[in-house]
Protein chains: 2
Amino acid sequence: MARPRTTARTVEHPELSEVPLQQVLEALVDPVRRLVVSQLAGAAEDLSCGTFVAPVSLSTLTHHFNVLREAGVIRQYYVGTAKMNTLRTEEMELRFPGLLSAVLAAAAAEAEPSRPAR
Amino acid sequence: MARPRTTARTVEHPELSEVPLQQVLEALVDPVRRLVVSQLAGAAEDLSCGTFVAPVSLSTLTHHFNVLREAGVIRQYYVGTAKMNTLRTEEMELRFPGLLSAVLAAAAAEAEPSRPAR
DNA sequence: AGGCGGTTTCGATGGCGGTCGTACTATGAC
DNA sequence: GTCATAGTACGACCGCCATCGAAACCGCCT
């Protein structure tokens with residue numbers, strides 16, 4: 001009956017202009033976090049925390065989401081009990097042009113050893 | 001006299017196609033190493049190890065040079081007692097397009113808060 | 001030859017970050 | 001209400017890496 005209205009829980013996000021390069025790089029240097037970011041980039045729509053596949057425990061995954069959010073890489077919001085995630089692609093592009101896209105491209109290229117395109 | 005021991009000491013460099021993204025990111029995530037890379041990018045010609053300014057000891061600096069070289073970011077060669085350094089810019093561009101340049105641009109932009117030129 | 005300046009190696013140290021399990025909270029379904 | 005589901009907070013552990021000083025090294029110059 002009652003719809004999953006936008007919930008009360010809110011999440012703090014940094015202003016991207018406040019985030020130093022160091023923090024972004026530290027966020028992207030961890031393989032698990034890069035895995036998360038790649039999955040987000042490849043997804044059609046936002047993903048909830050639970051839908052990610054990573055070789056770590058749930059609590060560790062939560063930690064990684066926090067790091068990514070505090071670095072301004074992702075944006076999070078609650079929908080019911082689910083916490084959704086989305087990349088802050090455009091904002092990052094303004095802050096550090098080409099950085100996130102280059103990392104994503106490199107990660108994608110490495111993931112596919114020898115598959116041209118389709 | 002003796003043979004072409006022009007520069008007897010040689011240095012091992014990885015093939016860039018062999019270097020994983022992880023290693024490059026790990027190399028670039030350290031602030032001191034990014035400082036080194038920035039100075040190298042801003043220099044007209046190759047620099048010897050001793051000409052770099054960094055808030056660390058010489059032995060630590062040597063360590064950073066090793067990390068950068070093993071990650072394929074820089075190329076090193078001896079000239080007399082001096083060890084020269086140069087960025088492997090083009091090769092890196094082929095391996096991970098846009099990555100190194102984006103990091104360099106971001107670092108440069110952050111270094112100059114709001115100074116067009118002077 | 002002998003010294004020197006530049007660079008490296010070695011071993012030790014300290015701190016930080018990724019990892020986990022468990023206990024906990026919050027929301028929605030029944 | 002109770003239960004189930006989704007995610008979080010906390011504390012502990014552990015390994016790795018940046019750092020250092022001191023000593024060795026290697027060419028070059030006088």
Side-chain angles (χ1 to χ4, degrees), chain A residues 1-13 20 22-37 40 46-71 73-86, chain B residues 1-13 22-37 46-71 73-86:
Chain A
M1 50 193 267
R3 332 196 95 319
R5 52 180 187 154
T6 31
T7 163
R9 285 190 281 184
T10 57
V11 190
E12 288 287 325
H13 292 86
Q22 182 63 33
Q23 197 171 353
V24 176
L25 289 179
E26 281 173 0
L28 294 178
V29 80
D30 186 282
V32 175
R33 288 196 285 266
R34 245 182 4 259
L35 199 62
V36 166
V37 171
L40 260 185
D46 303 355
L47 299 176
S48 81
C49 290
T51 62
F52 288 84
V53 285
V56 293
S57 74
L58 272 185
S59 56
T60 300
L61 207 46
T62 295
H63 163 67
H64 287 311
F65 280 120
N66 288 337
V67 173
L68 285 172
R69 190 190 63 246
E70 287 161 16
V73 178
I74 64 171
R75 185 174 293 278
Q76 301 189 290
Y77 58 97
Y78 281 98
V79 173
T81 60
K83 196 175 200 175
M84 308 300 293
N85 304 271
T86 186
Chain B
M1 58 171 320
R3 21 339 40 141
R5 98 229 249 114
T6 46
T7 17
R9 290 184 280 184
T10 57
V11 190
E12 288 287 324
H13 291 87
Q22 182 64 33
Q23 197 171 351
V24 176
L25 289 179
E26 280 172 1
L28 294 177
V29 80
D30 185 283
V32 175
R33 287 195 286 265
R34 240 175 15 253
L35 198 62
V36 166
V37 171
D46 302 356
L47 300 176
S48 83
C49 290
T51 63
F52 288 84
V53 286
V56 294
S57 74
L58 275 184
S59 56
T60 301
L61 207 46
T62 295
H63 163 67
H64 287 311
F65 281 121
N66 288 338
V67 173
L68 285 172
R69 189 190 65 244
E70 287 161 16
V73 178
I74 65 172
R75 184 174 294 279
Q76 301 189 290
Y77 58 97
Y78 282 97
V79 173
T81 60
K83 195 173 200 177
M84 308 301 292
N85 304 271
T86 185

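Quick note on labels: first sequence line is chain A, next is B, and so on, each numbered from 1.
Neither OP1 nor OP2 of C/dG18 sits under 4.0 Å from any side-chain N or O of A/Thr60. In this model, the phosphate group of D/dC26 is not approached by any side-chain N or O of B/Lys83 to a distance below 4.0 Å at OP1 or OP2. Within the structure, every side-chain polar atom (N or O) of B/Thr81 is placed at least 4.0 Å from both OP1 and OP2 of C/dG5. One finds a side-chain N or O of A/Arg33 lying less than 4.0 angstrom from the OP1 or OP2 phosphate oxygen of C/dG18. Phosphate contact (OP1/OP2 of C/dT8, side-chain N/O of B/Tyr78, threshold under 4.0 Å): present. Distances shown here put every side-chain N or O of B/Thr62 at or beyond 4.0 Å from the OP1 or OP2 atom of C/dT7.
The side chain of A/Ala82 lies closest to D/dG7, out of C/dT8, D/dG7, D/dA18. Comparing D/dC20, C/dT27, C/dG18 by their closest approach to the side chain of A/Asp30 singles out C/dG18. Distance from the side chain of B/Ser48 is smallest to C/dT7 among C/dT19, C/dT7, C/dA26.
Look at CG on B/Asn85: it is 9 Å from P on C/dT8, rounded to the nearest Å. Counting to the nearest Å, the P atom of D/dA22 and the NE2 atom of B/His63 are 20 Å from each other. A/Ile74 has its CD1 atom 13 Å from the C1' atom of D/dG7, to the nearest Å. Separating the CZ atom of B/Phe65 from the C1' atom of C/dT8 is a distance of 13 Å, rounded to the nearest angstrom. Counting to the nearest Å, the P atom of C/dT8 and the CG atom of B/Leu61 are 9 Å from each other. In this structure, CZ of B/Phe52 is placed 15 Å from P of C/dG6, rounded to the nearest angstrom. Between A/Glu26 atom CD and C/dG17 atom P there is a gap of 6 Å when expressed in whole angstrom units. The interatomic distance linking B/Leu58 (CG) with C/dC10 (C1') rounds to 16 Å, in whole Å.
Residue side chain B/Ser59 reaches the base of D/dG21 through a donor-acceptor N/O pair under 3.5 Å, judged by distance alone.
What you find for B/Gln76 and B/Cys49 is that their closest heavy atoms are NE2-SG, 4.1 Å. Nearest heavy atom pair, residue B/Phe65 against residue B/Val36, reads CE2-CG1, 3.7 Å. The shortest non-hydrogen separation linking A/Leu61 to A/Ala54 is CD1-CB, 4.1 Å.
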Output, in order, the C-alpha distance, side-chain angles, deciding distance and verdict of side chain to side chain contact (heavy atoms under 4.5 Å, CB included) for A/His13 and A/Val11.
CA-CA 6 Å; A/His13 292 86; A/Val11 190; 3.7 Å; yes
Checking B/Val73 against B/Arg33 for the side chain to side chain contact (heavy atoms under 4.5 Å, CB included) test, could you report, in this order, the C-alpha distance in whole Å, the side-chain angles of both residues, the deciding distance, and whether it holds?
CA-CA 10 Å; B/Val73 178; B/Arg33 287 195 286 265; over 6 Å; no
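Among the heavy atoms of the strands, none lies under 4.0 Å from A/Val67.
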